[in-house]
Amino acid sequence: SQQGEEDPQALSIQEGENATMNCSYKTSINNLQWYRQNSGRGLVHLILIRSNEREKHSGRLRVTLDTSKKSSSLLITASRAADTASYFCATDEFQGAQKLVFGQGTRLTINP
Amino acid sequence: DAGVIQSPRHEVTEMGQEVTLRCKPISGHNSLFWYRQTMMRGLELLIYFNNNVPIDDSGMPEDRFSAKMPNASFSTLKIQPSEPRDSAVYFCASSLYMGNSPLHFGNGTRLTVT
């Protein structure tokens with residue numbers, strides 16, 4: 001089952017610009033997480049935001065969460081070529097065993 | 001900390017053969033997850049364990065798939081018999097506990113079934 005859905009599917013920007021990716025989900029959640037995946041590698045955890053939080057920062061990353069709209073955004077400021085990767089949001093299903101379900105991801109390309 | 005270790009990194013096999021994928025989670029982590037990633041279906045959760053006990057295997061596609069976790073430091077995902085549509089990248093991930101805890105992924109096993 002797909003819980004989170006990222007938007008856009010692909011994003012291409014110039015180095016130094018900001019990149020914004022969005023995630024929508026369907027059911028109530030305890031937390032939402034963002035991950036990055038470089039080509040040929042496993043996913044790497046970036047940031048976790050709990051359902052009672054509205055915004056969280058980590059370095060050049062800013063994540064917002066709007067539980068009323070069931071949506072989240074990931075902002076990467078001052079992008080670098082090394083930020084080129086796919087970005088995924090993941091949510092835990094609130095009821096039951098709280099398994100983590102990933103969206104389809106946004107493919108981000110930073111052009112030098 | 002060596003991270004989650006998966007083996008092999010690549011596996012090429014013929015249809016009908018048995019395939020066994022292996023995973024060593026991070027020491028001290030209580031939960032282990034098996035995911036499959038394809039272009040068409042994205043990242044799918046196959047099964048996950050908590051304290052070595054399978055909690056939810058509803059994502060396992062068919063009876064041809066089975067997973068075990070005999071102890072806290074080792075898990076296997078077996079496909080018998082394998083089919084071309086099983087071709088994908090299989091990821092193992094572990095976390096400190098279920099729920100509000102980040103997943104740590106291995107680098108995956110790329111399986112090709114011809």
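Below, read A as the first sequence line, B as the second, and so on, with proteins coming before strands; counting in each chain starts at 1.
- Contact of B/Ser58 with chain A is made through the side chain alone, with heavy-atom distances under 4.5 Å.
- Note on residues 55-79 of chain B: no pairs pass ring pair (Phe, Tyr, Trp, His ring centres under 6.0 Å), not counting sequence neighbours.
- Once rounded to the nearest 0.5 Å, the distance linking OG of B/Ser101 with CG of A/Asp92 reads 11.5 Å.
- Looking at B/Leu103, the atoms closer than 4.5 Å to chain A (heavy atoms on both sides) sit in the backbone and in the side chain alike.
- Atom CG of B/Asp63 sits in a sparse spot, with 12 or fewer heavy atoms from other residues, nucleotides or ligands closer than 6.0 Å.
- Nearest heavy-atom pair, A/Arg41 versus B/Asn107, reported as atom, atom and distance to 0.1 Å: NE-OD1, 3.1 Å.
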task = Step by step, work out the side-chain contact (heavy atoms from CB on, under 4.5 Å) result for A/Leu43 and B/Leu43.
result = CA-CA 10 Å; A/Leu43 281 73; B/Leu43 205 60; 3.8 Å; yes
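- Legend: ring pair (Phe, Tyr, Trp, His ring centres under 6.0 Å) pairs involving residues 38-82 of chain A, not counting sequence neighbours, sorted by first then second residue: A/Tyr35-A/His45.
- More than 12 heavy atoms of other residues, nucleotides or ligands lie within 6.0 Å of CD in B/Glu83, so this atom counts as buried by the packing criterion.
- Other residues, nucleotides and ligands place no more than 12 heavy atoms under 6.0 Å from the CD atom of B/Glu14.
- The interface of residues 62-71 of chain A with chain B, defined by heavy-atom distances below 4.5 Å, is empty.
- Under a cut-off of 6.0 angstrom, the local environment of CZ in A/Arg54 is crowded, with over 12 non-hydrogen atoms contributed by other residues, nucleotides or ligands.
- Across all non-hydrogen atoms, the minimal contact from A/Gln37 to B/Phe91 is NE2-CZ, 3.4 Å.
- Follow the hydrophobic side-chain contacts under 4.5 Å out from B/Ile79 and you reach B/Trp34 in the same cluster.
- Using a 4.5 Å cut-off between heavy atoms, B/Arg9 touches chain A through its side chain atoms alone.
- A continuous path of hydrophobic side-chain contacts links A/Leu108 to A/Leu61 [ILVMFWY only; heavy atoms under 4.5 Å].
- Partners of A/Tyr87 by ring pair (Phe, Tyr, Trp, His ring centres under 6.0 Å), not counting sequence neighbours: none found.
- The 12-atom threshold is not exceeded at CZ of B/Arg110, counting heavy atoms of other residues, nucleotides or ligands nearer than 6.0 Å.
- Annotation: the span from B/Gln37 atom CD to A/Phe102 atom CZ amounts to 9.5 Å, rounded to 0.5 Å.
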